[in-house]
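All remarks here apply to the structure that follows.
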Amino acid sequence: MAALTENFVQFVEFVAPLFLTDPKGRFMAIDCIENISAYEGTEVTLRGWVYNKRSSGKLQFILLRDGTGIIQCVAFKGNFTAEQFDLLDKLTQESSVQVQGKVRKDSRAPGGYEMDVTGFQVFQLAEDYPITPKEHGTAFLMEHRHLWLRSSRQHAILKIRHEIIKACRDYFDERGFTLVDTPIFTPNACEGTTTLFATEYFDQKAYLTQSGQLYNEATAAAFGKVYCFGPTFRAEKSKTRRHLMEFWMVEPEVAYATLEDTMVLAEGLICFILERVLKRRRAELEVLEREVSILEKVVLPFPRITYDEAVGILRESGSEIQWGGDFGGGDETILSQKFDRPVMVHRYPAQVKAFYMQPDPERPNLALCVDVLASEGYGEIIGGGQRIHDYELLLQRLQAHQLPTEPFQWYLDLRKYGTVPHAGFGMGIERVVAWVCKLDHLRETIAFPRTLYRIYP
RNA sequence: UCCUCAGUAGCUCAAUGGUAGAGCAUCCGGCUGUUAACCGGAGGGUUGCAGGUUCGAGUCCUGCCUGAGGAGCCA
């Protein structure tokens, strides 16, 4: 440990300035692998980890990754002392190193550039890194999720996730929305439909939020157009590839908006996200071997079908669904495979939806709601609709759903003081990431997934 | 909560009821262009746990534990 600390001090002193001097006193830049092309023909210092290593007697090929890319660094024995070269030979997978060298264009290199190593510092020699370049089972990988994140596939997924989240924020910000985040601790089981995580709140009981929507309705009346973006918790004992106990949702809410407005907003968001990812994250999609031509076909407008029509399609396809029931996972898969872009299913029977859904004036047993089902069998990524704005009707629905009115006083107040029609939706980020990346399980879409029976690491 | 499948070396997997093995990883040696590098050698095991059947169990039976997939529920 003493040696490590000593090494660390040297390391920090050495790398602290943005520009280093090499042993001959020349200035040298520190940079990232993604900027490597700017250094062609000159020297640069890279800091990262050994991704893999091959050797050939007097040559060492070190694949260095730094979070922005991977580059092959080539070290020739003749350029080092025997001691130094032996140290290079001993480098192990995931050892942390700083490497200096001359950047050279090379058609043989995957990224197009290679580095001829002139100097290096080892920060730490990693011992027995558990994730080897061969295959592993999901249980083992999930147990080592903290390390699995370093592999190129997981890295690509999380880069795309980041891009999707940024796109969501840009989309709303550019359209006059205000980000107003809603609480994680809530005093009551909001919608009364799902099982929530209960926790202590000093001498009271609190629940982890299942949706920011009710609070969004309050902020929409204050700001007009709002969205919240945060984690959401469901204590459902769901054990499928489509569920996580903790997931992230972006939820816009717009005053004076109708169901139709919401559908336009939703399809616009999805197209905006896809355009952005296709533009900025092509390399990552390639790592995932995602067929981009399928994503490029997703353009406006999205097909809109009513619940009635959806039931008809499902029954023709052999589903057992009865009118009035909600779709099962299999039903969503069937529907989403019928279209080459996400399909918007609207006007479900009110009985299968939450209490706050505005009834369709033409058929009051239907709710003015919409679910967006992603294509390629991915199913629901968005759920939303128009909310009840009439005080008496809302009160009536609360009672019909056997919910207490007292905790909803503030919510009812919104219908007393300048109520307006309003609508919004929630989009599950992980499901969008899974669809865009074409993953078969939601657990790879978030750094540390919380699944039924797994809360480590 | 229910149904199905699986647990053998650090990892991924073999092994008719009859001497537990391979590839990768690790360690030692070789190679100036490797691309999941390759070649030679070495170490590495209470076959998930507890019982049972049998001359003999990784293999068959019972129970339990753990994991995976799916159902229901949900986004």
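Letters go in sequence order (proteins before strands), and every chain restarts at 1. Remember, it's a predicted structure, so these values are computed and weren't measured experimentally.
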Interatomic distance, [X] [atom1] vs [N] [atom2] [rounded to whole Å]:
X: A:Asp128; N: B:rC24; atom1: CG; atom2: P; answer: 17 Å
X: A:Leu452; N: B:rG72; atom1: CG; atom2: C1'; answer: 13 Å
X: A:Phe327; N: B:rC73; atom1: CZ; atom2: P; answer: 13 Å
X: A:Ile131; N: B:rA36; atom1: CD1; atom2: C1'; answer: 15 Å
X: A:Asp89; N: B:rC28; atom1: CG; atom2: P; answer: 9 Å
X: A:Ile71; N: B:rG33; atom1: CD1; atom2: P; answer: 20 Å
X: A:His243; N: B:rC74; atom1: NE2; atom2: C1'; answer: 4 Å
X: A:Glu380; N: B:rC74; atom1: CD; atom2: C1'; answer: 8 Å

> Can you tell me if A:Thr68 and A:Asp66 form a side-chain donor-acceptor pair at under 3.5 Å?
Replying inline: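 Yes, because at least one side-chain N or O of A:Thr68 sits under 3.5 Å from a partner of the opposite role on A:Asp66.
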>> We want to know whether A:Ser211 and A:Glu251 form a side-chain donor-acceptor pair, criterion being a heavy-atom distance below 3.5 angstrom.
In response: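 Yes, A:Glu251 and A:Ser211 have a side-chain donor paired with an acceptor closer than 3.5 Å.
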Using a 4.0 Å heavy-atom cut-off across all strands, classify [X] as base, sugar-phosphate, or nothing.
X: A:Arg104; answer: base
X: A:Lys239; answer: base
X: A:Asp326; answer: nothing

>> Using a strict threshold of under 4.0 Å (side-chain N to carboxylate O), is an ion pair present between A:Glu430 and A:Arg161?
In response: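 Salt bridge flag = yes for A:Glu430 with A:Arg161.
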> Can you list the stems that include RNA chain B, where a stem is three or more consecutive Watson-Crick or G-U pairs with distances under 3.5 Å?
Replying inline: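 Detected stem regions: B:1-7 with B:65-71, B:10-13 with B:21-24, B:26-30 with B:38-42, B:48-52 with B:60-64.
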Find every protein N or O atom lying less than 3.5 Å from an N or O atom of nucleotides 11-15 of chain B, and list the pairs.
residue: B:rC11; atom: O2'; partner: A:Glu135; partner atom: O; Å: 3.3
residue: B:rC11; atom: O2'; partner: A:His136; partner atom: ND1; Å: 2.4
residue: B:rU12; atom: OP1; partner: A:Gly137; partner atom: N; Å: 3.1
residue: B:rU12; atom: O4'; partner: A:Glu135; partner atom: O; Å: 3.4

> Which whole number of Å gives the distance between the P atom of B:rG41 and that of B:rC24?
Replying inline: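 It comes out at 12 Å once rounded to the nearest Å.
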> With a cut-off of under 6.0 Å to the ring centre and 45° to the axis, is A:Arg175 in cation-pi contact with A:Phe272?
Replying inline: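 Relative to the ring axis of A:Phe272, which defines the angle, A:Arg175 lies inside both limits.
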>> Taking donor-acceptor contacts at under 3.5 Å, does the side chain of A:Gln60 reach the base of B:rU34?
In response: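 No such pair is found, so the answer is no.
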>> For B:rG67, does the base pair up with any side-chain atom of A:Glu143 as donor and acceptor (N or O, under 3.5 Å, distance only)?
In response: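 Checked by distance alone, the answer is no.
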> With ring centroids as reference points, do A:Phe197 and A:Tyr207 lie under 6.0 angstrom apart?
Replying inline: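 Ring centres of A:Tyr207 and A:Phe197 not closer than 6.0 Å.
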> Can you name the one residue among A:Leu87, A:Val117, A:Thr118 that meets side chain to side chain contact (heavy atoms under 4.5 Å, CB included) with A:Phe80?
Replying inline: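 Among A:Leu87, A:Val117, A:Thr118, the one that satisfies the side chain to side chain contact (heavy atoms under 4.5 Å, CB included) with A:Phe80 is A:Val117.
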